[in-house]
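The first residue of the sequence shown is numbered 1, and numbering continues consecutively from there.
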Amino acid sequence: MLAACLVLVSCLSARAEGFSVSTNILGYAWLGTMNAEASYAFARRWTVTGYVAFNPWTFNASDADRQFQSRQQTYAAGARFWPWHVYSGWWIAGKLQYQEYNMGGIISRSTEEGDRAGVGLAAGYTHMLHPRLNIEFGAGFWTGVKWFTEYSCPACGLTRTSGNRAFILPDNFRISISYVF
């Protein structure tokens, strides 16, 4: 996905400082979730963003009593408003997001898997370390509808419940390193 974003960046004609790529360090700390975000500044105070996260890992798969996972693939597209200037200072953001997930065995033995789709809001601060290197801090939430199946344990396959319902979840906790082109 990052390669596709870089190809897109090279195809667009705009000033060089209009692009950035970043990765959220906290994402890697959450059971190794790989992630990348690309953004394009189309105005002095606005950027559009594309985000992808992927976690294929299952831990302790050989022992069903100790197995846990937070597998996911997440895709989001959104926009950020920067009151001062893009890639510097405070920002607020909105996004559309889709996630396919399988999470369980972390807090309790039950496991839930399914799909989520919705919208999110976030806010944060970007500190310039260098004209081309930034560190970002932020947090947010997202809400929408999920279609899910809940199992008794991560490996047993005994269905407890399934269906669809609304959700609201914390999201977008970030300490990101960002490179500005």
Side-chain angles (χ1 to χ4, degrees), residues 1-57 59 69-103 106 115-144 146 167-181:
M1 178 65 182
L2 184 58
C5 290
L6 291 176
V7 169
L8 178 63
V9 165
S10 67
C11 293
L12 295 173
S13 62
R15 61 189 196 281
E17 65 273 3
F19 298 101
S20 80
V21 292
S22 62
T23 190
N24 183 0
I25 298 165
L26 291 180
Y28 294 98
W30 179 248
L31 302 177
T33 302
M34 300 170 280
N35 63 84
E37 182 175 85
S39 69
Y40 168 65
F42 65 91
R44 179 176 176 221
R45 296 183 177 161
W46 287 94
T47 57
V48 292
T49 61
Y51 172 79
V52 63
F54 181 66
N55 185 331
W57 318 116
F59 298 92
Q69 71 269 348
S70 180
R71 296 191 304 256
Q72 65 169 293
Q73 53 182 346
T74 303
Y75 307 97
R80 282 190 189 178
F81 173 73
W82 305 77
W84 184 63
H85 195 278
V86 294
Y87 307 127
S88 178
W90 294 100
W91 52 265
I92 56 172
K95 66 179 174 180
L96 298 173
Q97 184 165 297
Y98 168 79
Q99 181 180 63
E100 181 181 7
Y101 68 98
N102 181 322
M103 180 181 293
I106 298 170
D115 299 282
R116 296 179 182 130
V119 297
L121 293 173
Y125 184 81
T126 299
H127 179 73
M128 293 177 64
L129 299 173
H130 180 273
R132 300 233 179 263
L133 189 64
N134 294 342
I135 187 165
E136 295 181 349
F137 304 93
F141 70 93
W142 75 301
T143 185
K146 67 178 178 178
F167 71 89
I168 184 166
L169 293 170
D171 187 42
N172 210 20
F173 292 106
R174 65 173 45 231
I175 298 175
S176 296
I177 300 296
S178 178
Y179 183 81
V180 180
F181 292 94

*Are any non-hydrogen side-chain atoms of Y28 and M34 less than 4.5 angstrom apart?*
yes
*Mark yes or no for whether R44, through its side chain, and H85, through its backbone, hold a donor-acceptor pair below 3.5 Å.*
no
_Non-neighbouring partners of Y98 that pass side chain to side chain donor-acceptor pair (under 3.5 Å), sequence neighbours left out_ = D115
*asked:* Using only atom types and a distance under 3.5 Å, with no angle test, would you say the side chain of N134 pairs donor to acceptor with the backbone of S88?
replied: no
*To the nearest 0.5 angstrom, please state how far the CH2 atom of W46 sits from the OG atom of S39.*
14.0 Å
*So, does N172 use its side chain to make a donor-acceptor pair with the main chain of A139 at under 3.5 Å?*
no
_D171 side-chain N/O to G120 backbone N/O, donor-acceptor pair under 3.5 Å_ = no
*What distance separates I92 CD1 from L121 CG, expressed to the nearest 0.5 Å?*
8.5 Å
*Which value, rounded to the nearest 0.5 Å, describes the distance between Y87 atom OH and W82 atom CH2?*
7.5 Å
*Under 3.5 Å donor-acceptor, T143 side chain and F167 backbone*: yes
_Counterpart residues, side chain to side chain donor-acceptor pair (under 3.5 Å), relative to Q73 (two or more places apart)_ = Y75, E100
*Could you pull out all residues at least two apart from W91 that satisfy side chain to side chain donor-acceptor pair (under 3.5 Å)?*
T126
_Side chain N35, main chain T33, donor-acceptor under 3.5 Å_ = yes
*Quick one: do the Q69 and N102 side chains pair a donor with an acceptor below 3.5 Å?*
yes
